[in-house]
Visitor: 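Here's a structure for you.
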Amino acid sequence: AAFVPRDYLWMYPATVLLMLFVALAVVIHTHATVSRRVFTATGVAFATIAVTVLVLDYAIQLMVMQPSLLAGQTEGLSVFSQYNPHGVFIAMENVGYVAMAVAFVFLAPAFADHSRLDRSLRWFLTVAGGLTVLLLVVMAIGFGADLEYRFEVAAISITWITLTVAAALLSAWMRRGTSPRVQVPSR
């Protein structure tokens with residue numbers, strides 16, 4: 001209870017930013033060529049899965065953990081605590097950030113032009129997403145049941161760096177006047 005609300009405050013802006021990620025994925029999808037939309041639709045689906053898992057995770061912390069801790073009702077809560085390295089919070093964050101990494105990989109094909117900007121976005125999202133998934137596999141094999149916070153910290157770092165850099169690149173991409181591209185089938 002000594003850490004309430006200080007250690008939970010970051011979850012409010014994180015939740016808003018996560019929801020904006022789904023909106024961003026939808027914007028990317030609408031700007032993809034028809035031939036790439038199967039990939040970007042899958043990216044939107046994984047973005048939705050990621051955000052749903054993470055928002056539920058944060059909601060449990062904010063609406064169950066905080067009030068319970070403040071009321072002194074701590075029995076059975078340790079499995080849900082963000083401080084338990086083998087708890088539900090870490091497991092849900094791992095699932096959420098892996099789903100977000102997969103979303104990056106599936107959103108990357110939207111940037112199909114041969115421009116330097118498109119290639120940069122495609123490469124950056126693919127590498128960041130692939131690295132996160134690969135990191136989970138390597139760390140799970142290496143640490144086994146002792147994975148604890150290790151992957152979560154690495155995945156969050158990669159994800160938020162990716163979103164920060166991608167935001168700058170996407171801003172330039174949108175400013176260049178990209179509009180939804182319709183591909184006319186050739187005969």
Visitor: Kindly indicate whether the side chain of His31, heavy atoms from C-beta on, has any atom under 4.5 Å from the side chain of Trp173.
Guide: yes

Visitor: What are the two closest heavy atoms between Leu121 and Ala166, and how far apart are they?
Guide: CD2-O, 4.2 Å

Visitor: Roughly how far apart are Ile141 CD1 and Leu136 CG, rounded to 0.5 Å?
Guide: 9.5 Å

Visitor: Output side-chain donor-acceptor pairs under 3.5 Å for residues 93-107, partner residues at least two apart or in another chain, one line each.
Guide:
from	atom 1	to	atom 2	distance (Å)
Glu93	OE2	Tyr58	OH	2.7
Tyr97	OH	Tyr58	OH	3.3
Tyr97	OH	Trp160	NE1	3.3

Visitor: Under 3.5 Å, which donor-acceptor pairs link side chains of residues 10-18 to any protein atom two or more places apart or in another chain?
Guide:
from	atom 1	to	atom 2	distance (Å)
Trp10	NE1	Asp7	O	3.0
Thr15	OG1	Met11	O	2.6

Visitor: Quick check: closest heavy atoms across Tyr149 and Asn84, and the distance to 0.1 Å?
Guide: OH-N, 3.4 Å

Visitor: So Leu24 and Leu20, do their side chains get closer than 4.5 Å, heavy atoms only?
Guide: no

Visitor: Under a single-linkage definition using a 4.5 Å side-chain heavy-atom cutoff for Ile, Leu, Val, Met, Phe, Trp and Tyr, are Leu134 and Leu125 assigned to the same hydrophobic cluster?
Guide: no

Visitor: Treat each ILVMFWY residue as a node, draw an edge where side-chain heavy atoms are under 4.5 Å apart, and state whether Phe46 and Val137 are in one component.
Guide: no

Visitor: Please tell me whether Val79 and Leu56 are part of a single hydrophobic cluster in this structure, the criterion being side-chain heavy atoms less than 4.5 Å apart.
Guide: yes

Visitor: Compare every heavy atom of Phe80 with every heavy atom of Gln61, then report the nearest pair and how far apart it is.
Guide: NE2-O, 2.5 Å

Visitor: So, for Ala128 and Thr162, which heavy atoms are closest and what is the spacing to 0.1 Å?
Guide: CB-OG1, 3.1 Å

Visitor: Does the side chain of Phe111 reach to within under 4.5 Å of the side chain of Leu117, using non-hydrogen atoms?
Guide: no

Visitor: Considering non-hydrogen atoms only, spot the tightest contact between Leu77 and Ser68 and give its length.
Guide: CD1-CB, 3.2 Å

Visitor: When rounded to the nearest 0.5 angstrom, what is the spacing between CD1 in Ile158 and CG in Leu135?
Guide: 5.0 Å

Visitor: Which is it for Ile90 and Phe151 under the side-chain contact (heavy atoms from CB on, under 4.5 Å) test, yes or no, and what are the steps along the way?
Guide: CA-CA 9 Å; Ile90 301 301; Phe151 174 74; over 6 Å; no

Visitor: If we count only N and O atoms by modelled type, under 3.5 Å, do the side chains of Arg175 and Ser171 hold a donor and an acceptor together?
Guide: yes

Visitor: Shortest non-hydrogen contact from Thr30 to Arg37?
Guide: O-NH2, 3.2 Å

Visitor: Mind checking whether Val51 and Met19 have side chains closer than 4.5 Å, heavy atoms only?
Guide: yes

Visitor: Hydrophobic cluster membership, with links at side-chain heavy-atom distances under 4.5 Å among I/L/V/M/F/W/Y: are Phe143 and Val138 in one?
Guide: no

Visitor: Main chain of Pro109, side chain of Arg122: is a donor-acceptor contact present, judged purely on distance under 3.5 Å?
Guide: no

Visitor: Rounded at 0.5 Å granularity, tell me how far OG1 in Thr159 sits from CD in Glu152.
Guide: 11.0 Å

Visitor: Using side-chain hydrogen bond (donor to acceptor under 3.5 Å, both in side chains) as the criterion, list what pairs up with Thr40, not counting sequence neighbours.
Guide: His29

Visitor: Just verifying a value: how many Å separate Leu62 CG and Asp57 CG, rounded to the nearest 0.5 Å?
Guide: 10.0 Å

Visitor: Step through the shown structure and confirm whether more than 12 heavy atoms of other residues, nucleotides or ligands are within 6.0 Å of CZ on Phe39.
Guide: no

